A.B. asks: 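Mind looking over this structure? Questions follow.
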Amino acid sequence: MSIVETAQAIAAEGYADVFRSSGEPYINHPARVAPASHRSVIGDEAVAAGWLHDTIDEDTWVTVGFLRTTRFPETVITAGVSVSRVPEEPYFSLVARAAVDPIGRYVKLADNDAISADEPCTR
């Protein structure tokens, strides 16, 4: 499997039981972010990070340690972390953190584009 296919499978498994208040499966959000992340020159690594961007230590069981055991490139992992929420972190701190990561900045831009189509998440 490619890193994009592996990232998509991990995100789908991680969000298998997570839905938005509308009833829409949460996985639809990373499904919108991932392809839009490809607009960067980085390509597949950005798409993989787009699939993983909300899964890492956030709304699922997926951790950085787990991703390392699956042998994702460190660039994908750090990009995913750069756009993942930290509890009680101000939004603009998250944006600043994502902006300095070469892949994370593209994923965050794609995330912002997708957010307007999204509704709040419920478990």
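What you see is a predicted model, and the numbers here were worked out from it, not measured in a lab. As a basis for the values below, the full set of heavy atoms in this structure was taken, side chains included, without hydrogen atoms, waters or symmetry mates.
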A.B. asks: Using modelled atom types only, decide if a donor and an acceptor are shared between the side chain of Thr60 and the backbone of Thr55 within a distance under 3.5 Å.
C.D. replies: yes
A.B. asks: Where do Asp101 and Lys108 land on the side chain to side chain contact (heavy atoms under 4.5 Å, CB included) test, with the steps shown first?
C.D. replies: CA-CA 10 Å; Asp101 185 277; Lys108 188 59 187 155; over 6 Å; no
A.B. asks: Looking at every non-hydrogen atom in both residues, tell me the closest pair between Ser84 and Gly80 and how far apart they are.
C.D. replies: OG-O, 2.8 Å
A.B. asks: Quick one, Trp51 and Val76 - any side-chain contact, counting heavy atoms below 4.5 Å?
C.D. replies: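 They are not in contact (no side-chain heavy atoms under 4.5 Å apart), so the answer is no.
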A.B. asks: Out of curiosity, Ile3 CD1 to Leu67 CG, how far, rounded to the nearest 0.5 Å?
C.D. replies: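 Ile3 atom CD1 to Leu67 atom CG measures 11.5 Å (nearest 0.5 Å).
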A.B. asks: Do you know which of Val81, Val83, Ile10 makes side chain to side chain contact (heavy atoms under 4.5 Å, CB included) with Ile56?
C.D. replies: Val81
A.B. asks: Partners of Phe66 by ring pair (Phe, Tyr, Trp, His ring centres under 6.0 Å), sequence neighbours excluded?
C.D. replies: Trp61
A.B. asks: Among side-chain atoms of Asp54 and Tyr15, is any donor-acceptor pair under 3.5 angstrom?
C.D. replies: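 No, no side-chain donor-acceptor contact under 3.5 Å.
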A.B. asks: Sub-3.5 Å donor-acceptor pair from the side chain of Ser82 to the main-chain atoms of Ala79, do we have one?
C.D. replies: yes
A.B. asks: Would you say that Glu24 contacts His29 through its side chain, given a criterion of any heavy-atom pair below 4.5 Å between the two side chains?
C.D. replies: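 Sidechains of His29 and Glu24: no contact.
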A.B. asks: List the atom of Pro30, the atom of His53, and the distance in Å for their closest heavy-atom pair.
C.D. replies: CA-CE1, 4.1 Å
A.B. asks: To the nearest 0.5 Å, what is the distance between CD1 (Ile77) and CZ (Arg71)?
C.D. replies: 11.5 Å
A.B. asks: Below 4.5 Å, heavy atoms only, C-beta onward: do Glu89 and Arg97 meet side chain to side chain?
C.D. replies: yes
A.B. asks: Please round to the nearest 0.5 Å and tell me the distance separating atom CE of Met1 and atom CD of Gln8.
C.D. replies: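 Between atom CE of Met1 and atom CD of Gln8 there are 8.0 Å.
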A.B. asks: I need the Glu45 CD to Tyr106 OH distance, nearest 0.5 Å.
C.D. replies: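 Interatomic distance, Glu45 CD to Tyr106 OH, rounded to 0.5 Å: 13.5 Å.
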